[in-house]
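Here the structure is a predicted model, which is why all the values come from computation and not from measurement.
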Amino acid sequence: MSSSPILNVPVNSEFHSFIPAAILRMRYIYPELEFGATEQGVAVNGTSEFDATRLEREVIYQVYREKIFQQTLPMRKGLYEMLAR
């Protein structure tokens with residue numbers, strides 16, 4: 001596998017705290033690619049055989065998915081505690 005950069009995905013700074021978890025998920029979904037956090041967002045390295053538009057959408061989706069997960073975690077914990085009583 002070539003490790004040349006194929007994509008840099010800019011991510012708004014308000015979402016940067018969610019990037020590490022999103023990168024873990026992306027590494028599972030695309031094991032043949034390398035993902036890394038940058039000051040601007042996420043860098044994707046690997047072969048150029050992937051559709052850049054699709055990869056960019058997937059990276060942004062995973063970051064936003066992590067944001068929603070973390071924001072709803074207290075609510076879900078509260079619901080589980082109510083049900084467990």
Margin query: Can you tell me how far apart CG (Asn45) and CG (Leu33) are? Round to the nearest 0.5 Å.
Written below: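 The CG atom of Asn45 sits 8.5 Å away from the CG atom of Leu33.
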Checklist line | Residue list, side chain to side chain contact (heavy atoms under 4.5 Å, CB included) with Glu49, at least two apart or on another chain | finding: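 For Glu49, the residues satisfying side chain to side chain contact (heavy atoms under 4.5 Å, CB included) (neighbours in sequence not counted) are Thr47.
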Notebook entry, point to check: Val44 versus Met26: any side-chain heavy-atom pair under 4.5 Å?
Noted result: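 No, side chains not in contact.
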Can you get from [X] to [Y] by hopping between Ile, Leu, Val, Met, Phe, Trp and Tyr side chains that sit under 4.5 Å apart?
X: Leu55; Y: Tyr64; value: yes
X: Tyr61; Y: Tyr28; value: no
X: Leu73; Y: Met82; value: no
X: Met75; Y: Phe69; value: no

Checklist line | Pairs flagged by salt bridge (Lys or Arg N to Asp or Glu O under 4.0 Å) wherever residues 60-79 is involved - sequence neighbours left out | finding: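 For residues 60-79, and leaving out neighbouring residues, the salt bridge (Lys or Arg N to Asp or Glu O under 4.0 Å) pairs sorted by first residue read Arg25-Glu66.
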Checklist line | All pairs passing salt bridge (Lys or Arg N to Asp or Glu O under 4.0 Å) where residues 54-63 contributes a residue, at least two apart | finding: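 Counting only pairs at least two positions apart or across chains, no salt bridge (Lys or Arg N to Asp or Glu O under 4.0 Å) contact touches residues 54-63.
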Margin query: Over 60° means perpendicular and under 30° means parallel, so tell me whether Phe50 and Tyr30 are parallel, tilted or perpendicular.
Written below: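 Perpendicular: the ring planes of Phe50 and Tyr30 meet at over 60°.
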Just distance, no hydrogens or angles: give the donor-acceptor pairs under 3.5 Å from side chains in residues 7-24, sequence neighbours left out.
unit_1 : atom_1 : unit_2 : atom_2 : d
Asn12  : OD1    : Glu14  : N      : 3.2
His16  : NE2    : Val11  : O      : 2.9

